[in-house]
Amino acid sequence: MSSLVAGPSLVEAYLEHIRNTCLVGTDGELADYIPELARVDPTKFGLSLALHDGYVYSIADADVGFTIQSVSKPLTYALALTHKGFELVDERIGVEPSGEAFNEISVDSKRRPRNPMINAGAILSASMLLEVEPDVDRAFAELLEFYSACAGRQLVLDSDVYNSEMRSGARNRAIAYMLQSFGVLQASPEAAIDLYFRQCSLIVTTDDLAVIGGTLANGGVNPRTGRRAVGQAVVQRVLSVMTTCGMYDGAGDWVTTVGLPAKSGVGGGIMAVLPGQLGIGVYSPLLDEHGNSVRGVAACKRLSADLGLHMFNVARESRVTVRSFHTAAELDIDTDRPDTDRTDTERRYLRGKRDRIRIFELQGDLTFSGTESVLRRLRATAQEFEVAILDMTRVDHVDEVSRSMFVGASRNLKGAQRSAVIVDPDGVVVRRSAHRSEPGPGLEYVVTTMHEALIRAEDFLLKLAVEEG
Ligand code: GLU
């Protein structure tokens with residue numbers, strides 16, 4: 001059977017394609033500052049996308065656990081902002097990109113860590129939680145509950161990684177004591193380091209990172225559980241800092257090429273967020289000189305370029321892409337006219353088949369996420385129709401990726417003995433010249449009125465009946 005109903009969806013097939021392109025080569029090194037990270041399988045690759053309605057696409061090693069490491073930094077910063085308030089946090093942690101390595105021992109002229117995404121700022125964020133709850137176990141329990149709420153499932157600690165971090169953390173300890181000597185770190189430096197290493201040692205999968213990213217994309221409401229995990233103002237701040245400081249010294253290149261707030265970790269994970277739309281989690285443990293996953297970065301670059309995910313790719317997206325959804329039986333359009341050349345038997349047959357024609361009335365600008373949700377609905381209801389009519393009358397713009405997704409879907413429908421008819425009076429899907437319409441490959445049925453669409457749909461049902469005898 002075609003991939004319309006069973007097998008991978010168009011999006012999954014595309015994600016697999018990304019994996020195949022990104023797995024080429026062996027560039028990068030495993031993190032080796034602790035033995036546990038140097039022991040992981042360098043060939044693993046996981047990729048997940050969490051959509052705003054909680055649907056998660058995942059491929060390959062999306063169920064392989066790895067430690068979250070620095071991808072934890074925005075979350076603990078969010079928690080510090082929530083507990084202490086913006087003013088108190090801003091007095092002690094800056095928001096300026098440092099352009100330095102993640103573990104640089106550096107502060108600004110006010111002796112504040114430059115931002116919460118480098119270790120100094122992250123250790124200070126963790127220490128602020130201890131100002132509210134000085135007991136490390138209890139502070140960690142609360143942190144864990146928060147991270148789990150963002151991921152939509154209970155996360156656990158990798159105690160081997162944690163113990164190893166604790167044994168080898170001289171540099172991070174130095175940072176904590178330095179911040180104490182400046183008077184900005186007020187909790188116990190040892191407790192702050194302990195809490196920081198526990199947060200770094202939490203085990204996640206790319207599904208988790210995608211859902212956490214999806215929670216941030218959704219203004220703080222977890223798309224899976226529907227529960228609010230983070231306040232909206234905190235989300236806005238966290239995404240801003242991720243945008244300018246999330247990818248360490250590679251931040252500028254990242255913003256221009258990928259254009260998504262993101263955070264990487266030396267465990268090999270990257271979380272990226274398209275505000276209002278989706279969260280991405282990717283995992284591949286080979287790292288570049290900045291400590292970012294080589295293949296993770298490559299995958300994000302491809303995803304952003306191919307799917308038009310750059311946050312400044314401005315479209316008037318409407319959350320509700322499918323305006324209405326019904327069968328031809330519910331429509332008040334009479335196709336039973338003499339000019340259709342139908343015999344009485346055919347007419348009778350078609351009257352009984354009107355509920356096998358589904359009409360999807362779409363609206364707004366169609367970019368990847370909107371089109372994805374339309375095609376997912378098409379796939380989920382595919383058993384209920386032979387012909388899908390996609391009514392684009394109220395659609396203003398269709399981007400390149402969505403156009404090719406419609407072509408792919410139409411091809412898949414054909415393979416599954418079904419058909420798609422597109423009503424496109426203004427030529428938004430198929431650009432029309434003054435003299436002729438150019439449906440192009442894959443899109444056979446593009447018409448300008450619903451009446452024409454219904455006649456095409458009926459022609460198809462009759463053809464099917466003849467083929468099936
Ligand atoms: N545990 C690591 C450290 O602080 C995390 C670093 C990272 O992921 O960038 O050294």
Side-chain angles (χ1 to χ4, degrees), residues 11 15 46-58 62 68 71-75 77-79 81-82 117 146-153 204-247 254-255 258-265 269-283 296 299-301 303-304 306-321 364-373 376 399 401:
V11 176
L15 296 180
L47 179 57
S48 309
L49 284 192
L51 281 307
H52 64 80
D53 59 359
Y55 189 85
V56 179
Y57 287 100
S58 38
I68 187 168
V71 185
S72 64
K73 289 171 177 171
L75 295 183
Y77 181 55
L79 208 48
L81 288 167
T82 307
M117 301 294 123
F146 172 65
Y147 280 44
S148 301
C150 293
R153 74 171 185 110
V204 288
T205 63
T206 54
D207 278 359
D208 294 326
L209 293 187
V211 174
I212 296 170
T215 300
L216 295 174
N218 245 355
V221 175
N222 183 314
R224 271 226 141 143
T225 63
R227 297 224 174 96
R228 177 166 292 282
V230 199
Q232 197 140 15
V234 170
V235 170
Q236 182 176 324
R237 165 63 73 87
V238 167
L239 290 177
S240 308
V241 174
M242 282 168 68
T243 304
T244 50
C245 317
M247 298 301 283
W254 180 266
V255 174
V258 180
L260 297 169
K263 188 70 204 82
S264 63
I270 298 179
M271 168 178 82
V273 181
L274 179 53
Q277 298 189 36
L278 51 86
I280 300 172
V282 56
Y283 168 64
C300 289
K301 286 189 172 169
L303 276 169
S304 173
D306 294 357
L307 303 184
L309 300 184
H310 196 291
M311 63 180 158
F312 301 135
N313 171 14
V314 185
R316 290 157 299 156
E317 175 115 23
S318 110
R319 265 285 175 88
V320 188
T321 313
D365 284 356
L366 291 179
T367 57
F368 170 74
S369 341
T371 307
E372 181 280 331
S373 70
R376 179 144 46 90
D399 74 1
V401 60

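Along the sequence shown, the residues carry numbers beginning at 1. Computation of the quantities below employed the complete heavy-atom set of this structure, encompassing side-chain atoms and omitting hydrogens, waters and symmetry-equivalent molecules.
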Rounded at 0.5 Å granularity, tell me how far NZ in Lys263 sits from CG in Leu75. 11.0 Å

Is Arg228 atom CZ crowded by more than 12 heavy atoms from other residues, nucleotides or ligands, each under 6.0 Å away? yes

Can a donor-acceptor pair be found between the side chains of Thr206 and Ser48 at a distance below 3.5 Å? yes

Derivation of the side-chain contact (heavy atoms from CB on, under 4.5 Å) call for Leu309 and Ile280: CA-CA 11 Å; Leu309 300 184; Ile280 300 172; 4.1 Å; yes

I'd like to know if the side chain of Asn222 reaches the main chain of Cys150, judged simply by a donor and an acceptor atom lying under 3.5 Å from each other, with no hydrogens or angles considered. yes

OG1 (Thr244) and CG (Leu239) are apart, to the nearest 0.5 Å, by 11.0 Å

pair Leu51-Tyr57: side-chain heavy atoms closer than 4.5 Å: yes

dist Leu274:CG -> Leu307:CG (nearest 0.5 Å) comes out at 10.0 Å

Salt-bridge criterion met for Arg153 and Asp207 (N-O under 4.0 Å): no

For Met117, is there any backbone N or O sitting under 3.5 Å from a side-chain donor or acceptor partner on Lys73? yes

Minimum heavy-atom distance Leu278-Ser369, with the two atoms named: CD2-OG, 4.1 Å

Less than 4.5 Å apart, side chain to side chain, heavy atoms only: is that true for Val71 and Leu209? yes

For the pair Met242 and Tyr77, evaluate side-chain contact (heavy atoms from CB on, under 4.5 Å) and give the outcome as yes or no after the intermediate values. CA-CA 11 Å; Met242 282 168 68; Tyr77 181 55; over 6 Å; no

Compare every heavy atom of Ile270 with every heavy atom of Ala262, then report the nearest pair and how far apart it is. CB-CG2, 4.5 Å

Just by modelled atom types, is the Lys301 backbone N or O under 3.5 Å from a matching donor or acceptor in the Ser304 side chain? no

Are the side chains of Asp53 and Arg376 in touch, meaning some heavy atoms are under 4.5 Å apart? yes

Closest contact, heavy atoms only, Pro261 versus Met311: CD-SD, 3.9 Å

Testing the 3.5 Å rule here: is there a donor-acceptor pair between the side chains of Tyr55 and Glu372? no

Here the pair of heavy atoms bringing Cys300 nearest to Val258 is O-CG1, 3.9 Å

Sub-4.5 Å side-chain heavy-atom contact between Leu15 and Leu303: yes

Over all atoms of both residues, closest heavy-atom pair of Ala78 and Val238: CB-CG2, 3.8 Å

Polar side-chain atom of Tyr147 near backbone of Ser72 as donor-acceptor pair, under 3.5 Å: yes

For His52 against Pro223, the heavy-atom pair lying closest together: O-CB, 3.6 Å

Applying side-chain contact (heavy atoms from CB on, under 4.5 Å) to Val11 and Phe368, what does each step give before you reach the verdict? CA-CA 10 Å; Val11 176; Phe368 170 74; 4.2 Å; yes

I'd like to know whether Asp306 forms a side-chain contact (heavy atoms from CB on, under 4.5 Å) with Val401, so could you lay out the CA-CA distance, the side-chain angles of the two residues, the decisive distance to 0.1 Å, and finally the verdict. CA-CA 7 Å; Asp306 294 357; Val401 60; 5.9 Å; no

Exceeds 12 heavy-atom contacts within 6.0 angstrom, atom CZ of Arg224: no

